[in-house]
Amino acid sequence: MTTIAAADRPRSDRSSEDRSTDDRPTDERSSGEPAAEARPARGRSRAAQPRTAQPRTAQSRTTQPRDARSAGERSAEPGPAPDREAVEAALARLPRVVDLLAARAEEHDRDATFPYQGIEAVHEAGLLTLTVSPRHGGPGGTLADTVRVLARLGRGDASVAVVTAFTLLRHAGEARRPGWPAAGYRRLLTESRRGPALVNTLDAEPGGREPGTPPATVARPDGEGGWLLTGRKTYCTGAEALAWMAVTARTDEPEPRTGTFLVRGESEGLEIDPTWDQLGLRASASHDVVLDGVRVPADLALGLTATPASGLAVEDTEARLARAWHDLALAAVAIGVARAAEDWLIRFLNQRTPANLTEPLGTLPRYRCALGEIEAHLIGAEELVEGLAPRVDRGDPEAVARTGPAHLLAIRAATTAVQQAVALTGSPGLSRRHPLERYLRDVLSSRVHLAPEEAVLDAAGRVALERGARP
(Lines give C-alpha, C1' and ligand atoms only; values in the text may rest on other atoms or scores of the structure.)
Protein backbone atom coordinates (compact mmCIF):
# COMPACT_ATOMS: atom_id res chain seq x y z
CA MET A 1 0.00 0.00 0.00
CA THR A 2 1.41 3.36 -1.02
CA THR A 3 0.35 6.08 1.38
CA ILE A 4 0.87 9.79 1.58
CA ALA A 5 1.73 11.09 5.04
CA ALA A 6 0.35 14.48 6.05
CA ALA A 7 3.74 16.14 5.88
CA ASP A 8 4.36 14.81 2.37
CA ARG A 9 1.10 15.80 0.70
CA PRO A 10 1.17 18.29 -2.14
CA ARG A 11 1.23 21.95 -1.15
CA SER A 12 0.66 23.30 -4.60
CA ASP A 13 -0.90 22.39 -7.87
CA ARG A 14 1.70 19.95 -9.18
CA SER A 15 -0.01 19.08 -12.41
CA SER A 16 1.97 19.36 -15.62
CA GLU A 17 2.30 22.57 -17.60
CA ASP A 18 -0.69 23.56 -19.71
CA ARG A 19 -0.51 21.71 -23.01
CA SER A 20 -1.08 23.56 -26.21
CA THR A 21 -4.44 23.08 -27.88
CA ASP A 22 -3.69 25.14 -30.96
CA ASP A 23 -4.22 22.12 -33.20
CA ARG A 24 -7.88 21.93 -32.23
CA PRO A 25 -10.76 23.86 -33.77
CA THR A 26 -11.62 27.02 -31.86
CA ASP A 27 -14.87 25.57 -30.54
CA GLU A 28 -13.02 22.69 -28.90
CA ARG A 29 -10.66 24.78 -26.80
CA SER A 30 -11.43 25.55 -23.18
CA SER A 31 -13.45 28.66 -22.64
CA GLY A 32 -12.20 31.47 -20.46
CA GLU A 33 -8.74 32.85 -19.94
CA PRO A 34 -5.82 30.69 -18.85
CA ALA A 35 -5.71 30.54 -15.10
CA ALA A 36 -2.87 32.14 -13.23
CA GLU A 37 -0.17 30.05 -11.62
CA ALA A 38 -1.67 28.08 -8.77
CA ARG A 39 -0.93 29.20 -5.28
CA PRO A 40 -0.15 26.60 -2.62
CA ALA A 41 -3.15 24.62 -1.50
CA ARG A 42 -5.00 25.89 1.52
CA GLY A 43 -6.61 22.66 2.48
CA ARG A 44 -5.16 20.68 5.29
CA SER A 45 -1.60 21.26 4.18
CA ARG A 46 -1.74 25.03 4.62
CA ALA A 47 -4.76 25.93 6.69
CA ALA A 48 -2.93 25.56 9.99
CA GLN A 49 0.05 27.62 8.89
CA PRO A 50 -0.35 31.17 10.20
CA ARG A 51 0.32 34.03 7.89
CA THR A 52 -0.76 37.60 7.49
CA ALA A 53 -4.09 37.64 5.77
CA GLN A 54 -4.01 39.04 2.26
CA PRO A 55 -6.03 42.21 1.73
CA ARG A 56 -9.38 41.61 0.10
CA THR A 57 -11.57 43.87 -1.93
CA ALA A 58 -14.79 45.15 -0.47
CA GLN A 59 -16.62 42.81 -2.82
CA SER A 60 -14.84 39.65 -1.71
CA ARG A 61 -15.11 40.55 1.95
CA THR A 62 -18.88 40.40 1.83
CA THR A 63 -18.93 36.63 1.55
CA GLN A 64 -16.10 35.63 3.87
CA PRO A 65 -17.30 34.36 7.27
CA ARG A 66 -16.39 35.90 10.58
CA ASP A 67 -15.33 33.82 13.55
CA ALA A 68 -17.91 31.53 15.10
CA ARG A 69 -19.45 33.08 18.16
CA SER A 70 -19.78 31.77 21.67
CA ALA A 71 -21.54 28.53 22.44
CA GLY A 72 -24.43 30.42 23.98
CA GLU A 73 -25.23 31.98 20.63
CA ARG A 74 -25.08 28.68 18.72
CA SER A 75 -28.61 27.53 19.40
CA ALA A 76 -30.67 25.09 17.38
CA GLU A 77 -33.31 27.76 16.78
CA PRO A 78 -33.93 28.87 13.19
CA GLY A 79 -31.04 31.05 12.13
CA PRO A 80 -31.16 34.56 10.71
CA ALA A 81 -32.31 35.15 7.16
CA PRO A 82 -29.75 34.83 4.38
CA ASP A 83 -27.77 37.91 3.42
CA ARG A 84 -29.18 38.11 -0.09
CA GLU A 85 -26.82 40.88 -1.13
CA ALA A 86 -23.79 38.75 -0.22
CA VAL A 87 -25.30 35.66 -1.84
CA GLU A 88 -26.02 37.46 -5.10
CA ALA A 89 -22.55 39.01 -5.11
CA ALA A 90 -21.02 35.54 -4.89
CA LEU A 91 -23.34 34.16 -7.56
CA ALA A 92 -22.37 37.01 -9.88
CA ARG A 93 -18.80 35.72 -9.87
CA LEU A 94 -19.82 32.27 -11.07
CA PRO A 95 -19.26 32.78 -14.82
CA ARG A 96 -15.64 33.80 -14.31
CA VAL A 97 -15.01 30.86 -11.98
CA VAL A 98 -16.61 28.37 -14.39
CA ASP A 99 -14.36 29.62 -17.20
CA LEU A 100 -11.28 29.16 -15.03
CA LEU A 101 -12.32 25.63 -14.09
CA ALA A 102 -13.03 24.64 -17.69
CA ALA A 103 -9.61 25.88 -18.78
CA ARG A 104 -7.82 23.16 -16.80
CA ALA A 105 -10.43 20.45 -16.32
CA GLU A 106 -9.05 18.30 -19.13
CA GLU A 107 -5.51 18.43 -17.71
CA HIS A 108 -6.56 17.45 -14.20
CA ASP A 109 -8.75 14.66 -15.57
CA ARG A 110 -5.96 13.29 -17.72
CA ASP A 111 -3.34 13.38 -14.96
CA ALA A 112 -5.72 12.64 -12.07
CA THR A 113 -4.26 15.62 -10.20
CA PHE A 114 -6.17 17.54 -7.57
CA PRO A 115 -7.46 20.93 -8.83
CA TYR A 116 -6.01 23.14 -6.10
CA GLN A 117 -6.18 26.19 -8.32
CA GLY A 118 -9.84 25.57 -9.12
CA ILE A 119 -10.71 25.24 -5.44
CA GLU A 120 -8.81 28.47 -4.79
CA ALA A 121 -10.91 30.21 -7.44
CA VAL A 122 -14.13 28.93 -5.88
CA HIS A 123 -12.96 30.17 -2.50
CA GLU A 124 -11.89 33.60 -3.75
CA ALA A 125 -15.35 34.07 -5.25
CA GLY A 126 -16.91 33.47 -1.83
CA LEU A 127 -18.64 30.31 -3.03
CA LEU A 128 -16.90 27.79 -0.77
CA THR A 129 -18.43 29.41 2.33
CA LEU A 130 -21.75 30.30 0.74
CA THR A 131 -23.76 28.24 3.25
CA VAL A 132 -22.05 29.52 6.41
CA SER A 133 -24.75 30.92 8.67
CA PRO A 134 -25.16 34.70 8.99
CA ARG A 135 -24.80 34.21 12.74
CA HIS A 136 -21.14 33.48 11.96
CA GLY A 137 -20.81 36.24 9.39
CA GLY A 138 -21.53 34.07 6.35
CA PRO A 139 -24.06 34.68 3.57
CA GLY A 140 -26.38 31.86 4.71
CA GLY A 141 -26.97 30.52 1.22
CA THR A 142 -30.02 28.28 0.89
CA LEU A 143 -30.37 24.89 -0.78
CA ALA A 144 -31.81 26.69 -3.81
CA ASP A 145 -28.63 28.82 -3.95
CA THR A 146 -26.45 25.75 -3.49
CA VAL A 147 -28.14 23.90 -6.34
CA ARG A 148 -27.64 26.89 -8.59
CA VAL A 149 -23.94 27.14 -7.74
CA LEU A 150 -23.17 23.45 -8.13
CA ALA A 151 -24.98 23.14 -11.45
CA ARG A 152 -22.80 25.94 -12.83
CA LEU A 153 -19.58 24.58 -11.33
CA GLY A 154 -20.43 21.19 -12.82
CA ARG A 155 -20.27 22.81 -16.25
CA GLY A 156 -16.67 23.83 -15.61
CA ASP A 157 -15.18 20.88 -13.72
CA ALA A 158 -17.28 18.15 -12.13
CA SER A 159 -14.51 17.20 -9.69
CA VAL A 160 -14.27 20.74 -8.31
CA ALA A 161 -18.05 20.87 -8.05
CA VAL A 162 -18.21 17.63 -6.07
CA VAL A 163 -15.43 18.68 -3.68
CA THR A 164 -17.16 22.04 -3.18
CA ALA A 165 -20.49 20.33 -2.58
CA PHE A 166 -19.34 18.42 0.49
CA THR A 167 -17.86 21.50 2.14
CA LEU A 168 -21.08 23.44 1.48
CA LEU A 169 -23.12 20.57 2.93
CA ARG A 170 -21.07 20.53 6.13
CA HIS A 171 -21.50 24.29 6.66
CA ALA A 172 -25.21 24.02 5.88
CA GLY A 173 -25.60 21.27 8.47
CA GLU A 174 -23.88 23.41 11.07
CA ALA A 175 -26.17 26.32 10.20
CA ARG A 176 -29.29 24.17 10.66
CA ARG A 177 -28.26 22.49 13.87
CA PRO A 178 -24.93 23.50 15.46
CA GLY A 179 -22.93 20.49 16.57
CA TRP A 180 -19.28 21.49 16.46
CA PRO A 181 -17.74 22.91 19.63
CA ALA A 182 -17.57 26.70 19.36
CA ALA A 183 -13.76 26.77 19.39
CA GLY A 184 -13.49 24.08 16.70
CA TYR A 185 -15.90 25.75 14.32
CA ARG A 186 -14.31 29.13 15.00
CA ARG A 187 -10.98 27.63 13.95
CA LEU A 188 -12.49 26.27 10.74
CA LEU A 189 -13.96 29.67 9.89
CA THR A 190 -10.68 31.41 10.67
CA GLU A 191 -8.95 29.07 8.24
CA SER A 192 -11.71 29.79 5.72
CA ARG A 193 -10.81 33.49 5.84
CA ARG A 194 -7.19 32.72 4.99
CA GLY A 195 -7.91 30.35 2.13
CA PRO A 196 -9.88 27.24 1.13
CA ALA A 197 -10.65 25.11 4.17
CA LEU A 198 -12.21 21.93 2.84
CA VAL A 199 -14.21 19.67 5.11
CA ASN A 200 -16.01 16.38 4.53
CA THR A 201 -17.73 13.60 6.42
CA LEU A 202 -15.90 10.26 6.24
CA ASP A 203 -18.43 7.52 6.74
CA ALA A 204 -17.99 4.87 4.02
CA GLU A 205 -15.76 1.89 4.74
CA PRO A 206 -14.32 -0.86 2.52
CA GLY A 207 -16.98 -3.48 1.87
CA GLY A 208 -19.72 -1.17 3.12
CA ARG A 209 -21.93 -1.90 6.08
CA GLU A 210 -25.60 -2.52 6.64
CA PRO A 211 -27.70 0.43 7.82
CA GLY A 212 -27.86 0.58 11.59
CA THR A 213 -24.63 -1.36 12.15
CA PRO A 214 -21.71 0.37 13.89
CA PRO A 215 -18.69 1.45 11.85
CA ALA A 216 -15.55 -0.65 11.86
CA THR A 217 -13.42 2.39 12.70
CA VAL A 218 -12.66 2.29 16.43
CA ALA A 219 -12.02 5.06 18.94
CA ARG A 220 -10.07 3.95 22.01
CA PRO A 221 -9.59 6.09 25.14
CA ASP A 222 -6.12 7.64 25.17
CA GLY A 223 -5.90 7.77 28.94
CA GLU A 224 -6.04 11.57 28.97
CA GLY A 225 -9.73 12.06 28.31
CA GLY A 226 -9.37 11.98 24.53
CA TRP A 227 -9.56 9.28 21.88
CA LEU A 228 -7.28 7.38 19.49
CA LEU A 229 -8.88 6.55 16.13
CA THR A 230 -7.92 3.50 14.11
CA GLY A 231 -9.53 2.36 10.88
CA ARG A 232 -9.94 3.01 7.18
CA LYS A 233 -12.46 5.18 5.37
CA THR A 234 -13.07 4.96 1.64
CA TYR A 235 -14.53 7.26 -1.06
CA CYS A 236 -13.24 10.29 0.85
CA THR A 237 -13.81 13.09 -1.66
CA GLY A 238 -11.02 15.67 -1.62
CA ALA A 239 -9.00 13.49 0.76
CA GLU A 240 -5.55 14.91 0.08
CA ALA A 241 -6.67 18.53 0.60
CA LEU A 242 -9.13 18.31 3.49
CA ALA A 243 -8.53 20.69 6.36
CA TRP A 244 -10.99 18.81 8.58
CA MET A 245 -12.51 15.34 8.47
CA ALA A 246 -15.67 14.39 10.36
CA VAL A 247 -15.01 10.68 10.95
CA THR A 248 -17.73 8.31 12.13
CA ALA A 249 -16.45 5.68 14.58
CA ARG A 250 -17.50 3.47 17.46
CA THR A 251 -15.87 3.53 20.86
CA ASP A 252 -13.96 0.62 22.35
CA GLU A 253 -16.01 0.43 25.53
CA PRO A 254 -17.99 -2.32 27.28
CA GLU A 255 -21.08 -0.65 25.85
CA PRO A 256 -19.85 0.88 22.57
CA ARG A 257 -21.10 4.27 21.48
CA THR A 258 -21.08 5.70 17.97
CA GLY A 259 -20.35 9.29 17.07
CA THR A 260 -18.46 11.72 14.90
CA PHE A 261 -14.84 12.62 15.60
CA LEU A 262 -13.40 15.84 14.18
CA VAL A 263 -9.93 15.18 12.82
CA ARG A 264 -7.43 17.68 11.49
CA GLY A 265 -6.28 16.75 8.01
CA GLU A 266 -2.62 16.99 8.96
CA SER A 267 -2.90 14.89 12.14
CA GLU A 268 -0.12 12.53 13.08
CA GLY A 269 -1.03 8.95 12.25
CA LEU A 270 -3.30 9.93 9.36
CA GLU A 271 -2.31 8.91 5.84
CA ILE A 272 -3.90 8.95 2.42
CA ASP A 273 -3.93 5.73 0.41
CA PRO A 274 -4.28 6.90 -3.23
CA THR A 275 -6.81 4.30 -4.29
CA TRP A 276 -9.03 6.56 -6.44
CA ASP A 277 -8.56 5.50 -10.06
CA GLN A 278 -12.07 5.73 -11.40
CA LEU A 279 -13.55 6.13 -14.86
CA GLY A 280 -14.61 9.72 -14.14
CA LEU A 281 -14.36 12.46 -11.50
CA ARG A 282 -10.67 11.62 -11.64
CA ALA A 283 -9.52 14.89 -10.11
CA SER A 284 -11.73 14.59 -7.01
CA ALA A 285 -9.05 12.72 -5.03
CA SER A 286 -11.65 10.45 -3.44
CA HIS A 287 -8.97 8.28 -1.91
CA ASP A 288 -8.98 6.09 1.19
CA VAL A 289 -8.02 7.66 4.51
CA VAL A 290 -6.08 5.43 6.90
CA LEU A 291 -6.14 6.30 10.60
CA ASP A 292 -3.57 4.69 12.87
CA GLY A 293 -3.94 5.92 16.43
CA VAL A 294 -4.98 9.43 15.43
CA ARG A 295 -5.55 11.46 18.57
CA VAL A 296 -8.81 13.39 18.94
CA PRO A 297 -9.43 15.64 21.99
CA ALA A 298 -12.52 14.87 24.02
CA ASP A 299 -14.31 18.05 22.95
CA LEU A 300 -14.02 17.06 19.27
CA ALA A 301 -15.98 13.83 19.78
CA LEU A 302 -19.55 14.66 18.85
CA GLY A 303 -22.88 12.95 19.44
CA LEU A 304 -21.56 9.84 21.18
CA THR A 305 -24.58 7.70 21.90
CA ALA A 306 -25.38 4.02 22.30
CA THR A 307 -28.92 4.29 20.95
CA PRO A 308 -30.83 6.95 19.01
CA ALA A 309 -33.46 7.13 21.75
CA SER A 310 -32.50 10.51 23.14
CA GLY A 311 -33.56 13.37 20.90
CA LEU A 312 -34.92 10.97 18.32
CA ALA A 313 -37.31 13.42 16.66
CA VAL A 314 -34.67 16.13 16.28
CA GLU A 315 -32.05 13.72 14.98
CA ASP A 316 -34.44 12.13 12.50
CA THR A 317 -35.53 15.51 11.19
CA GLU A 318 -31.94 16.68 10.77
CA ALA A 319 -30.94 13.41 9.11
CA ARG A 320 -33.76 13.77 6.59
CA LEU A 321 -32.79 17.36 5.84
CA ALA A 322 -29.14 16.42 5.46
CA ARG A 323 -30.08 13.69 2.99
CA ALA A 324 -32.33 16.08 1.07
CA TRP A 325 -29.49 18.61 0.73
CA HIS A 326 -27.12 15.84 -0.35
CA ASP A 327 -29.55 14.46 -2.93
CA LEU A 328 -30.29 17.74 -4.64
CA ALA A 329 -26.75 19.13 -4.41
CA LEU A 330 -25.17 16.12 -6.10
CA ALA A 331 -28.01 15.91 -8.63
CA ALA A 332 -27.22 19.51 -9.59
CA VAL A 333 -23.59 18.62 -10.31
CA ALA A 334 -24.67 15.87 -12.72
CA ILE A 335 -27.09 18.22 -14.45
CA GLY A 336 -24.29 20.75 -14.85
CA VAL A 337 -22.09 18.13 -16.51
CA ALA A 338 -24.90 17.24 -18.91
CA ARG A 339 -25.46 20.91 -19.75
CA ALA A 340 -21.76 21.25 -20.59
CA ALA A 341 -22.09 18.24 -22.90
CA GLU A 342 -25.11 19.80 -24.57
CA ASP A 343 -23.25 23.09 -25.03
CA TRP A 344 -20.42 21.28 -26.80
CA LEU A 345 -22.88 19.32 -28.92
CA ILE A 346 -24.62 22.52 -30.03
CA ARG A 347 -21.31 24.01 -31.18
CA PHE A 348 -20.50 20.75 -32.97
CA LEU A 349 -23.86 20.67 -34.80
CA ASN A 350 -23.57 24.31 -35.79
CA GLN A 351 -20.06 23.91 -37.21
CA ARG A 352 -19.83 20.35 -38.50
CA THR A 353 -20.57 20.10 -42.23
CA PRO A 354 -19.91 16.60 -43.64
CA ALA A 355 -18.49 16.29 -47.14
CA ASN A 356 -21.82 15.12 -48.55
CA LEU A 357 -23.71 18.18 -47.21
CA THR A 358 -23.62 21.88 -47.91
CA GLU A 359 -25.05 22.95 -44.53
CA PRO A 360 -24.08 22.12 -40.92
CA LEU A 361 -25.66 19.13 -39.22
CA GLY A 362 -27.78 21.45 -37.10
CA THR A 363 -29.86 22.33 -40.13
CA LEU A 364 -31.14 18.77 -40.48
CA PRO A 365 -34.50 18.00 -38.78
CA ARG A 366 -33.21 14.65 -37.46
CA TYR A 367 -30.42 16.32 -35.50
CA ARG A 368 -32.65 19.13 -34.29
CA CYS A 369 -35.17 16.61 -32.96
CA ALA A 370 -32.43 14.61 -31.25
CA LEU A 371 -31.10 17.80 -29.65
CA GLY A 372 -34.64 18.67 -28.62
CA GLU A 373 -34.94 15.35 -26.82
CA ILE A 374 -31.72 16.05 -24.92
CA GLU A 375 -33.03 19.49 -24.01
CA ALA A 376 -36.29 17.96 -22.79
CA HIS A 377 -34.43 15.53 -20.51
CA LEU A 378 -32.44 18.37 -18.96
CA ILE A 379 -35.39 20.72 -18.60
CA GLY A 380 -37.24 18.00 -16.70
CA ALA A 381 -34.28 17.34 -14.41
CA GLU A 382 -33.71 21.04 -13.73
CA GLU A 383 -37.36 21.75 -13.02
CA LEU A 384 -37.48 18.81 -10.64
CA VAL A 385 -34.36 19.75 -8.66
CA GLU A 386 -34.86 23.51 -8.77
CA GLY A 387 -38.51 23.10 -7.84
CA LEU A 388 -37.87 20.89 -4.83
CA ALA A 389 -34.96 22.93 -3.42
CA PRO A 390 -36.94 26.01 -2.31
CA ARG A 391 -39.65 23.75 -0.90
CA VAL A 392 -37.02 21.99 1.21
CA ASP A 393 -35.78 25.42 2.30
CA ARG A 394 -39.32 26.18 3.47
CA GLY A 395 -39.41 22.94 5.49
CA ASP A 396 -41.99 21.15 3.33
CA PRO A 397 -41.82 17.52 4.58
CA GLU A 398 -43.32 16.17 1.36
CA ALA A 399 -40.53 17.81 -0.66
CA VAL A 400 -37.90 16.45 1.72
CA ALA A 401 -39.29 12.94 1.24
CA ARG A 402 -39.10 13.22 -2.55
CA THR A 403 -35.44 14.16 -2.96
CA GLY A 404 -34.21 10.55 -3.13
CA PRO A 405 -36.28 9.70 -6.22
CA ALA A 406 -35.50 13.17 -7.60
CA HIS A 407 -31.78 12.45 -7.34
CA LEU A 408 -32.24 9.14 -9.15
CA LEU A 409 -34.32 10.70 -11.92
CA ALA A 410 -31.88 13.58 -12.37
CA ILE A 411 -28.93 11.20 -12.68
CA ARG A 412 -30.84 9.10 -15.20
CA ALA A 413 -31.81 12.15 -17.24
CA ALA A 414 -28.28 13.60 -17.22
CA THR A 415 -26.75 10.26 -18.18
CA THR A 416 -29.24 9.71 -20.98
CA ALA A 417 -28.64 13.22 -22.31
CA VAL A 418 -24.86 12.77 -22.48
CA GLN A 419 -25.12 9.29 -23.97
CA GLN A 420 -27.42 10.62 -26.68
CA ALA A 421 -24.97 13.45 -27.39
CA VAL A 422 -22.16 10.93 -27.84
CA ALA A 423 -24.33 8.79 -30.13
CA LEU A 424 -25.17 11.84 -32.27
CA THR A 425 -21.54 12.81 -32.80
CA GLY A 426 -20.14 9.34 -33.49
CA SER A 427 -16.37 8.99 -33.39
CA PRO A 428 -15.66 12.64 -32.40
CA GLY A 429 -17.75 12.16 -29.25
CA LEU A 430 -15.53 9.31 -28.12
CA SER A 431 -12.22 11.01 -28.91
CA ARG A 432 -10.09 12.32 -26.07
CA ARG A 433 -9.37 15.33 -28.26
CA HIS A 434 -12.82 16.54 -27.34
CA PRO A 435 -14.43 17.01 -23.89
CA LEU A 436 -17.58 15.02 -24.61
CA GLU A 437 -16.07 11.69 -23.63
CA ARG A 438 -14.94 13.25 -20.33
CA TYR A 439 -18.46 14.50 -19.68
CA LEU A 440 -19.72 10.97 -20.30
CA ARG A 441 -17.24 9.49 -17.84
CA ASP A 442 -18.01 12.12 -15.22
CA VAL A 443 -21.78 11.71 -15.44
CA LEU A 444 -21.48 7.91 -15.27
CA SER A 445 -19.27 8.22 -12.19
CA SER A 446 -21.73 10.55 -10.49
CA ARG A 447 -23.70 7.45 -9.52
CA VAL A 448 -21.12 6.82 -6.79
CA HIS A 449 -22.89 9.55 -4.78
CA LEU A 450 -26.36 8.08 -5.38
CA ALA A 451 -27.92 5.74 -2.85
CA PRO A 452 -28.35 2.20 -4.21
CA GLU A 453 -31.05 2.42 -6.86
CA GLU A 454 -32.94 -0.54 -5.44
CA ALA A 455 -33.05 1.08 -2.01
CA VAL A 456 -34.38 4.37 -3.45
CA LEU A 457 -37.09 2.61 -5.46
CA ASP A 458 -38.03 0.27 -2.61
CA ALA A 459 -38.50 3.23 -0.27
CA ALA A 460 -40.60 5.06 -2.87
CA GLY A 461 -42.69 1.93 -3.40
CA ARG A 462 -43.31 1.58 0.33
CA VAL A 463 -44.52 5.16 0.54
CA ALA A 464 -46.86 4.60 -2.40
CA LEU A 465 -48.28 1.43 -0.83
CA GLU A 466 -48.85 3.18 2.48
CA ARG A 467 -50.59 6.02 0.71
CA GLY A 468 -52.82 3.60 -1.16
CA ALA A 469 -53.79 1.80 2.06
CA ARG A 470 -55.15 4.94 3.70
CA PRO A 471 -58.93 5.24 3.84
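This structure is a prediction, so every number in the text was calculated from the model and none was measured.
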Discussion item. Using side chain to side chain donor-acceptor pair (under 3.5 Å), reason through Tyr439 and Glu342 one step at a time and then give a plain yes or no.
Written reply: CA-CA 10 Å; Tyr439 299 143; Glu342 184 193 41; over 6 Å; no
Practice prompt. Calculate, to the nearest 0.5 Å, the distance between atoms CZ and CG belonging to Arg366 and Leu371 respectively.
Written response: 12.5 Å
Item to complete: Give a yes or no on whether the backbone of Thr237 and the side-chain of Asn200 come within a donor-acceptor separation of less than 3.5 Å.
Response: yes
Practice prompt. Verify, without hydrogens or angle tests, whether His287 (side chain) and Ala239 (backbone) share a donor-acceptor contact under 3.5 angstrom.
Written response: no
Worksheet item: Should Arg462 and Glu466 count as an ion pair when the cut-off is N to O under 4.0 Å?
Response: no
Discussion item. Could you go through Thr113 and His108, starting from their C-alpha distance and side-chain angles, then the distance that decides it, and tell me whether this counts as side chain to side chain donor-acceptor pair (under 3.5 Å)?
Written reply: CA-CA 5 Å; Thr113 50; His108 287 299; 2.8 Å; yes
Worksheet item: Under a 4.0 Å N-O cut-off, is there an ion pair linking Arg104 with Glu107?
Response: yes
Fill in: Evaluation steps, side-chain contact (heavy atoms from CB on, under 4.5 Å), between Ile411 and Thr415
CA-CA 6 Å; Ile411 293 291; Thr415 302; 4.0 Å; yes
Worksheet entry | N-O pairing of Arg155 and Asp343 below 4.0 Å | yes
Fill in: Single hit among Asp273, Asp292, Thr217 for side chain to side chain donor-acceptor pair (under 3.5 Å) with Arg232
Asp273
Worksheet item: Should Trp244 and Leu262 count as side-chain neighbours, where that means a heavy-atom distance under 4.5 Å?
Response: yes
Discussion item. The test is side chain to side chain donor-acceptor pair (under 3.5 Å); show your working for Asp145 and Thr142 and say whether it passes.
Written reply: CA-CA 5 Å; Asp145 298 322; Thr142 63; 3.0 Å; yes
Discussion item. Salt bridge or not between Arg339 and Glu382? Use side-chain N to carboxylate O under 4.0 Å.
Written reply: yes
Practice prompt. Would you check if Phe348 and Tyr367 make a side-chain contact, meaning some heavy-atom pair closer than 4.5 Å?
Written response: no
Worksheet item: Regarding Glu240 and Tyr116, is there a side-chain donor-to-acceptor distance under 3.5 Å anywhere?
Response: yes
Discussion item. How long is the straight-line distance from OG1 of Thr129 back to CG of Leu168, given to the nearest 0.5 Å?
Written reply: 8.5 Å
Fill in: Leu330 vs Leu169 side-chain heavy atoms within contact, under 4.5 Å
yes
Fill in: Heavy-atom donor-acceptor pair, Arg250 side chain to Pro215 backbone, under 3.5 Å
yes
Practice prompt. State whether Trp325 and Arg176 meet the cation-pi test: NZ (Lys) or CZ (Arg) under 6.0 Å from the six-membered ring centroid, and within 45° of the perpendicular axis.
Written response: yes
Worksheet entry | N/O donor-acceptor pair under 3.5 Å between Glu120 side chain and Pro196 backbone | no
Worksheet item: Checking Asp442 side chain against Gly280 main chain: does a donor-acceptor pair fall under 3.5 Å?
Response: no
Item to complete: Look up atom CG in Leu408 and atom CG in Leu457, then write down how far apart they are to the nearest 0.5 Å.
Response: 5.5 Å
Item to complete: State, to 0.1 Å, how close Ala172 and Thr131 come at their nearest heavy-atom pair, and which atoms those are.
Response: N-OG1, 3.5 Å
Discussion item. Please determine whether salt bridge (Lys or Arg N to Asp or Glu O under 4.0 Å) holds for the pair Glu437 and Arg441, giving the CA-CA distance in whole Å, both sets of side-chain angles, and the decisive distance to 0.1 Å.
Written reply: CA-CA 6 Å; Glu437 63 86 32; Arg441 290 186 287 104; 2.9 Å; yes
Item to complete: Would you name the heavy atoms of Leu281 and Ser445 that are closest together and state the gap between them?
Response: CD1-O, 3.9 Å
Worksheet item: Taking the side chain from Gln419 and the backbone from Leu440, do they hold a donor-acceptor pair closer than 3.5 Å?
Response: no
Discussion item. Quick one, Arg110 and Arg432 - any side-chain contact, counting heavy atoms below 4.5 Å?
Written reply: yes
Practice prompt. Look at the aromatic rings of Trp344 and His434 and report parallel, tilted or perpendicular, splitting at 30° and 60°.
Written response: tilted
Fill in: Audit row: Leu361, Thr353, side-chain contact (heavy atoms from CB on, under 4.5 Å) steps and yes/no
CA-CA 6 Å; Leu361 291 174; Thr353 303; over 6 Å; no
Worksheet item: Do Thr416 side-chain atoms and Ala413 backbone N/O form a donor-acceptor pair below 3.5 Å?
Response: no
Practice prompt. Identify the two heavy atoms, one from Thr403 and one from Val400, that lie closest to each other, and give their separation to 0.1 Å.
Written response: OG1-O, 3.1 Å
Item to complete: Would you check if Leu143 and Leu388 make a side-chain contact, meaning some heavy-atom pair closer than 4.5 Å?
Response: no
Worksheet item: Is a side-chain N or O of Ser446 found less than 3.5 angstrom from the main chain of Val443, in a donor-acceptor match?
Response: yes
Item to complete: Report the C-alpha distance between Thr248 and Phe261 in whole Å, list the side-chain angles of each, state the deciding distance to 0.1 Å, and finish with yes or no for side-chain contact (heavy atoms from CB on, under 4.5 Å).
Response: CA-CA 6 Å; Thr248 57; Phe261 296 79; over 6 Å; no
Discussion item. For a quick test of reading the model, state the closest non-hydrogen atom pair linking Leu127 to Ala90 and the distance between them.
Written reply: CD2-O, 3.6 Å
Fill in: From Thr230 atom OG1 to Leu291 atom CG, the distance as rounded to the nearest 0.5 Å
7.5 Å
Fill in: CA sep, side-chain torsions, deciding dist, call: Val218, Leu229, side-chain contact (heavy atoms from CB on, under 4.5 Å)
CA-CA 6 Å; Val218 176; Leu229 262 62; over 6 Å; no
Practice prompt. Without swapping roles, check the side chain of Asp288 against the backbone of Cys236 for a donor-acceptor pair under 3.5 Å.
Written response: no
Worksheet item: Does atom CZ of Phe166 have more than 12 heavy-atom neighbours from other groups under 6.0 Å away?
Response: yes
Worksheet item: Charged N to carboxylate O under 4.0 angstrom, Arg402 versus Asp396?
Response: no
Worksheet item: Of the non-hydrogen atoms in Leu328 and Val385, which two are nearest, and what is the gap between them?
Response: O-CG1, 3.9 Å
Response to the item:
For Leu153 and Thr164, the nearest pair of non-hydrogen atoms, with its separation, is CD1-CG2, 4.0 Å
Worksheet item: Does the pair Glu386/Arg148 count as a salt bridge with the N-to-O cut at 4.0 Å?
Response: no
Worksheet item: Would you say the side-chain atoms of Thr167 pair up with the backbone N or O of Val199, donor to acceptor, closer than 3.5 Å?
Response: yes
Worksheet item: Side-chain contact, heavy-atom cut-off 4.5 Å: Ile272 with Val290?
Response: no
Worksheet item: Is Glu124 salt-bridged to Arg96, cutoff N-O under 4.0 Å?
Response: no
Worksheet entry | Flag if over 12 foreign heavy atoms under 6.0 Å of CZ, Arg352 | no
Discussion item. Salt bridge or not between Asp277 and Arg282? Use side-chain N to carboxylate O under 4.0 Å.
Written reply: yes
Practice prompt. Given side chain to side chain donor-acceptor pair (under 3.5 Å), test His171 with Tyr185 step by step and report yes or no.
Written response: CA-CA 10 Å; His171 283 306; Tyr185 197 59; 2.8 Å; yes
Item to complete: Test salt bridge (Lys or Arg N to Asp or Glu O under 4.0 Å) on Arg323 and Glu318 and set out the steps.
Response: CA-CA 9 Å; Arg323 171 54 61 182; Glu318 169 55 25; over 6 Å; no
Worksheet item: If you measure from CG on Leu242 to CG on Leu198, what distance do you get to the nearest 0.5 Å?
Response: 6.0 Å
Fill in: Pair Arg412 + Glu453, salt bridge at N-O below 4.0 Å
yes
Practice prompt. To the nearest 0.5 angstrom, please state how far the OG atom of Ser159 sits from the CZ atom of Arg438.
Written response: 9.0 Å
